[in-house]
Amino acid sequence: MSKYWSPSIRDIEPYVPGEQPKGGSIIKLNTNENPYPPSPMVAETLRNFPIDQLKLYPDPDATELKQAIAEYHQISSAKVFVGNGSDEVLGLSFMAFFRQVWPILYPNHTYSFYPVYCNLFGIEYRTVPLNKDFSVNIEEYNTGNGGIVIANPNAPTGIAMPLSDIEKLLEFNRDSVVIIDEAYVDFGAESAVSLIDRYDNLLVVQTFSKSRSLAGLRVGFALGSEVLIDGLERVKNSFNSYPLDTLAIKATVAAIKDRDYFEQTRQAIIDSRQWLDEQLQQLGFEVLPSKTNFLFAKHSQRQGAELYQQLREQGLLVRYFNKPEIDQYLRITIGTQQEVEALVQALKALL
Ligand SMILES: Cc1ncc(COP(=O)(O)O)c(C=O)c1O
């Protein structure tokens, strides 16, 4: 606390990202990064980039990137917004749409950045309990609200909602903006992008951090009706005209174009997920059904906190949340097959 801080930031509680250890021989399965490198086309684009271009400001509209995203999703580029990671896109969306009279709604266990944005922007919120099996209780969202945000698949549970449930949610809530945060959708869930033309209150947010292995480049985007995209552009252009640098724009376009590499790497992750899921169950874990690049699992006899610590001592970093109802679970990112095999070996020795 300092007398120099604006009153509005005195009580905020910033988001704490997962640990990024410096050096050492750590197997890092804690922040849902992709274990495979970005597409070789990204490397080639960066190698051949004319450095001289960096003396100029980037394209404030990131036109080339918006067009590549629009083409991939078969949507008009007027329905695409891009930002510095989906965290920024989500933050700008909260600012643009959620400062309403009614509180916004989201599940009680979900991405822990949502309350942080609410506190920062002075947005009222109410959390809606997940069902006992950790699925989203759709009926509970059929009530007055200032907006809804749902991660699909959800984090940290990994559970996906069917498209029919998202459509129900949109039908219930014609007068407020519904954000579907699809950070992990490429690992097996149904995307809501197909509903955008029918619901002008739907904003789908995605990222290049997970399925495209570009977490370090910081590129995210939103797809939605032109009214929503215009709202986002208004906020972005009142804060930072150039959230994406020229290298990020070029490299991401290259990643989008390499469809074969994308398919190969995401399939490798899905295969390792299935293998790890089976192994964990054989070791006495209960594993939630995941459509993401991570598994959320608890052991029938061992404490989550203790297992987390013991794995850590052996150089295996997973994520642990000390929060009621989920404090027995470990969130384990799917690494390479070799990495998940090392995890299973370590667990066999510990259990
Ligand atoms: C549900 C969810 N949404 C959004 C993000 C943010 O991703 P990024 O800012 O890297 O695009 C994450 C990151 O872990 C996430 O888990």
Side-chain angles (χ1 to χ4, degrees), residues 31-36 38-39 68-75 79-83 85-90 93 106-107 109-111 113-114 130 134-136 138 148-170 177-199 202-215 218-224 228 252 255-256 258-259 261-274 277 288-296 331 333-334:
T31 47
N32 299 341
E33 288 142 330
N34 195 311
Y36 300 106
S39 146
I69 294 171
E71 201 176 302
Y72 182 84
H73 285 285
Q74 301 189 326
I75 201 169
K79 294 183 174 173
V80 183
F81 177 81
V82 292
S86 61
D87 279 339
E88 184 186 78
V89 174
L90 287 164
S93 306
Y106 55 81
H109 298 297
T110 191
Y111 188 34
F113 226 132
Y114 303 155
L130 291 173
F134 289 108
S135 60
V136 174
I138 287 295
I148 291 171
V149 56
I150 293 197
N152 188 45
N154 197 9
T157 64
I159 296 175
M161 278 194 298
L163 201 56
S164 52
D165 275 3
I166 297 177
E167 188 150 17
K168 250 195 217 168
L169 200 66
L170 290 159
V177 173
V178 175
I179 298 179
I180 305 294
D181 176 356
E182 294 188 348
Y184 301 100
V185 75
D186 290 331
F187 299 106
E190 286 177 286
S191 171
V193 170
S194 61
L195 300 176
I196 286 172
D197 284 339
R198 282 169 36 221
Y199 297 92
L202 167 65
L203 191 76
V204 176
V205 176
Q206 292 193 6
T207 180
F208 288 93
S209 297
K210 314 291 180 183
S211 56
R212 306 278 179 168
S213 310
L214 290 174
R218 310 305 301 129
V219 184
F221 62 101
L223 304 175
L228 295 189
T252 309
I256 296 171
D258 196 349
R259 293 196 184 206
Y261 185 81
F262 169 67
E263 290 301 337
Q264 269 167 35
T265 47
R266 89 165 154 176
Q267 196 52 50
I269 288 168
I270 292 170
D271 293 347
S272 294
R273 178 180 76 205
Q274 193 175 340
D277 191 335
L288 300 189
S290 170
K291 295 282 188 205
T292 61
N293 67 339
F294 58 85
L295 291 173
F296 204 48
R331 195 195 68 187
T333 303
I334 307 301

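We use all heavy atoms of the structure for the numbers below, so side chains are in, but hydrogens, waters and symmetry mates are not.
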For this session: Check the side chains of N32 and Y184 for a donor-acceptor pair under 3.5 angstrom, ignoring hydrogens and angles.
Result: yes

Seminar exercise, completed: Nearest heavy-atom contact between I179 and S93 is CD1-CB, 3.6 Å

Exercise. Hey, does I150 have a side-chain heavy atom less than 4.5 Å from the side chain of T110?
Worked result: no

Exercise. Under the 3.5 angstrom rule, does the side chain of S213 hit a backbone N or O of Y36 as a donor-acceptor pair?
Worked result: yes

For this session: Tell me whether the centres of the aromatic rings in H109 and F296 are closer together than 6.0 Å.
Result: no

For this session: Kindly say whether I180 contributes a backbone atom to a donor-acceptor pair with the side chain of N152 at under 3.5 angstrom?
Result: no

Exercise. Do the ring planes of F262 and Y72 sit parallel (below 30°), tilted (30 to 60°) or perpendicular (above 60°)?
Worked result: perpendicular

Exercise. Does the side chain of L90 come within less than 4.5 Å of Y111's, by heavy atoms?
Worked result: yes

Exercise. What about the rings of F294 and F187, do their centers lie closer together than 6.0 Å?
Worked result: no

For this session: Could you tell me whether a side-chain N or O of R212 sits under 3.5 Å from a main-chain N or O of A255, the two making a donor and an acceptor?
Result: yes

For this session: Ignoring hydrogens and angles, tell me if any N or O in the side chain of R273 forms a donor-acceptor pair with the backbone of T292 under 3.5 Å.
Result: yes

For this session: Taking R218 for its side chain and A215 for its backbone only, find out whether a donor-acceptor pair lies under 3.5 Å.
Result: yes

Exercise. Donor-acceptor pair, N34 side chain versus K210 backbone, under 3.5 Å?
Worked result: yes

Problem set entry | E33 side chain near T333 side chain, heavy-atom distance below 4.5 Å | no

